[in-house]
Engineer: 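Got a structure here, written out as structure tokens. Questions coming.
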Amino acid sequence: MTKWNDKLLESMKQGDEVALEQCYRLLSPIIFTAILKICKNRHDANDLLQDTFVDAFDNLASFHQQVPFIAWLKRIAFNNTFNFLKKIKRLTIGIEHLSEAVSLENSMESDYENRNLLLYLFERLSEMECLIMWLYIAEQYKHSEIAEVIGKTPSYSKSVVCRCLQKLRANAEVKKYAN
């Protein structure tokens, strides 16, 4: 696989389809993982991944190299995911989503022994908590940057991180793991 370089970006800006495909192949696993950790649904994550790349490719002219391309792409992915989650919260859960949630819960319980503890704990957070924690821990965003992404204040981000850490510390699995 090709490594990222600025020549690839310039080719993409000129509309080179091979460069666009290389970009997608190179960066889609990273973006997909970030989206999946937040929305917790492979089907939705695939849709959001496609939306992210479509938005990015449509707006390449507005990208300025003041930030790395991957950071810009992740920002688009997080904004799309956040907007999707806000829209989902307004919808009522249908029967098909309920059965999917139950099967997901059952599968999480059955294969916990094979999972990373952090992933196990992240699955116990709400989507908003997961988004904020992912941005704070994995992406190392500052609280002011998180606040900008989610449309809240930096103190809201700080309090969510604090509550989540307390919730995770109180989890029996963490206590068992720590001993």
Side-chain angles (χ1 to χ4, degrees), residues 1-94 96-97 100 104 118-119 122-123 125-161 164:
M1 186 172 288
T2 309
K3 292 195 177 205
W4 182 259
N5 64 47
D6 291 333
K7 290 180 184 177
L8 183 62
L9 179 61
E10 290 306 315
S11 296
M12 288 171 29
K13 284 185 174 183
Q14 294 173 5
D16 182 356
E17 290 184 21
V18 173
L20 294 172
E21 182 180 346
Q22 286 178 334
C23 173
Y24 182 83
R25 289 185 186 278
L26 185 65
L27 300 178
S28 65
I30 297 165
I31 301 300
F32 178 78
T33 301
I35 293 169
L36 182 61
K37 296 299 178 227
I38 295 166
C39 76
K40 303 175 189 174
N41 180 301
R42 292 187 86 73
H43 177 72
D44 293 337
N46 276 321
D47 289 346
L48 289 164
L49 176 69
Q50 298 305 317
D51 292 345
T52 296
F53 276 93
V54 167
D55 290 348
F57 293 161
D58 285 347
N59 294 296
L60 276 174
S62 68
F63 173 72
H64 303 292
Q65 294 187 341
Q66 297 163 339
V67 296
F69 182 77
I70 184 71
W72 182 72
L73 191 60
K74 282 182 181 180
R75 176 64 62 127
I76 293 170
F78 293 139
N79 286 338
N80 285 349
T81 304
F82 179 66
N83 290 335
F84 170 78
L85 292 174
K86 281 195 315 190
K87 185 170 40 170
I88 288 295
K89 292 235 187 249
R90 287 186 237 136
L91 302 174
T92 57
I93 296 176
E96 65 279 355
H97 290 93
E100 182 181 352
L104 179 62
L118 183 59
L119 295 177
F122 256 66
E123 290 168 348
L125 300 177
S126 72
E127 288 89 359
M128 179 61 79
E129 292 170 333
C130 198
L131 172 64
I132 292 170
M133 293 299 286
W134 182 265
L135 291 174
Y136 184 71
I137 294 171
E139 301 298 327
Q140 297 184 348
Y141 277 37
K142 296 175 183 152
H143 289 291
S144 58
E145 295 170 322
I146 295 170
E148 184 180 317
V149 169
I150 63 171
K152 302 276 185 175
T153 63
S155 62
Y156 176 80
S157 172
K158 291 175 187 177
S159 65
V160 169
V161 168
C164 288

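Heads up: numbering here begins at 1 and tracks the sequence.
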Engineer: Out of curiosity, Ser157 OG to Glu148 CD, how far, rounded to the nearest 0.5 Å?
Structural biologist: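 Between atom OG of Ser157 and atom CD of Glu148 there are 12.0 Å.
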Engineer: Taking the side chain as everything from C-beta on, heavy atoms only, tell me whether Ile146 gets closer than 4.5 Å to Leu131.
Structural biologist: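 Heavy-atom side-chain distance check fails, nothing below 4.5 Å.
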Engineer: CG of Asp58 to CG of Asp51: how many Å apart, nearest 0.5 Å?
Structural biologist: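 Here the rounded value is 10.5 Å.
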Engineer: Are Ile38 and Phe78 packed together at the side-chain level, in the sense that at least one heavy-atom pair is separated by less than 4.5 angstrom?
Structural biologist: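 Ile38 reaches Phe78 side chain to side chain.
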Engineer: Kindly say whether Phe63 contributes a backbone atom to a donor-acceptor pair with the side chain of Lys13 at under 3.5 angstrom?
Structural biologist: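 Yes: the side chain of Lys13 pairs with the backbone of Phe63.
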Engineer: Can you name the residues that form a salt bridge (Lys or Arg N to Asp or Glu O under 4.0 Å) with Glu145, not counting sequence neighbours?
Structural biologist: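 Result, salt bridge (Lys or Arg N to Asp or Glu O under 4.0 Å) vs Glu145: none returned.
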Engineer: Quick check for you: to the nearest 0.5 Å, what is the distance between Lys158 atom NZ and Ile132 atom CD1?
Structural biologist: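 Atom-to-atom, Lys158:NZ and Ile132:CD1 are 13.0 Å apart.
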Engineer: Between Ala56 and Trp72, which heavy-atom pair has the shortest distance, and what is it?
Structural biologist: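 In terms of heavy atoms, the two residues are closest at O-CH2, 3.5 Å.
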Engineer: Taking side chain as C-beta onward, heavy atoms only, is Leu8 less than 4.5 Å from Gln22?
Structural biologist: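 Result yes, sub-4.5 Å side-chain heavy-atom pair found.
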Engineer: Any chance you could measure Phe84, atom CZ, to Ile35, atom CD1, to the nearest 0.5 Å?
Structural biologist: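 With rounding to 0.5 Å, CZ (Phe84) is 10.5 Å from CD1 (Ile35).
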Engineer: For the atom pair CZ (Phe53) and CG (Asn80), what is the distance rounded to the nearest 0.5 Å?
Structural biologist: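 So the gap between those two atoms works out to 11.5 Å.
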Engineer: So with a 6.0 Å cut-off around OH of Tyr136, is the heavy-atom count from everything else above 12?
Structural biologist: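 Open: at most 12 neighbouring heavy atoms sit under 6.0 Å from OH of Tyr136.
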Engineer: For residues Ile70 and Ile31, report the shortest heavy-atom separation together with the two atoms involved.
Structural biologist: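 Where Ile70 meets Ile31 most closely, the heavy atoms are CD1-CD1, 4.0 Å.
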Engineer: Shortest non-hydrogen contact from Cys39 to Thr81?
Structural biologist: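 Distance-wise, the nearest heavy atoms are CB-CG2, 4.4 Å.
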Engineer: Please find the pair of heavy atoms, one from Asn59 and one from Asp55, that lie closest to each other, and give the distance.
Structural biologist: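 Looking at all heavy atoms of both residues, the closest pair is ND2-O, 2.7 Å.
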Engineer: Specify the closest pair of heavy atoms between Phe32 and Ala45, including all atoms of both residues, with the distance to one decimal.
Structural biologist: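 Phe32 and Ala45 have their closest heavy atoms at CE1-CB, 3.5 Å.
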Engineer: Would you mind reporting whether His143 and Val161 have side-chain heavy atoms less than 4.5 Å apart?
Structural biologist: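 Counting from C-beta outward, Val161 and His143 do come under 4.5 Å.
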Engineer: Check whether any side-chain heavy atom of Met12 lies under 4.5 Å from a side-chain heavy atom of Leu9, and answer yes or no.
Structural biologist: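 Side chain of Met12 against side chain of Leu9, heavy atoms only: contact under 4.5 Å found.
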Engineer: Can you tell me how far CG of Leu49 sits from OG1 of Thr33, rounded to the nearest 0.5 angstrom?
Structural biologist: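 If I round to the nearest 0.5 Å, the distance is 9.5 Å.
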Engineer: What's the shortest heavy-atom distance between Lys74 and Ile30, and which atoms?
Structural biologist: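 Scanning both residues, the minimum pair turns out to be CE-CG2, 3.8 Å.
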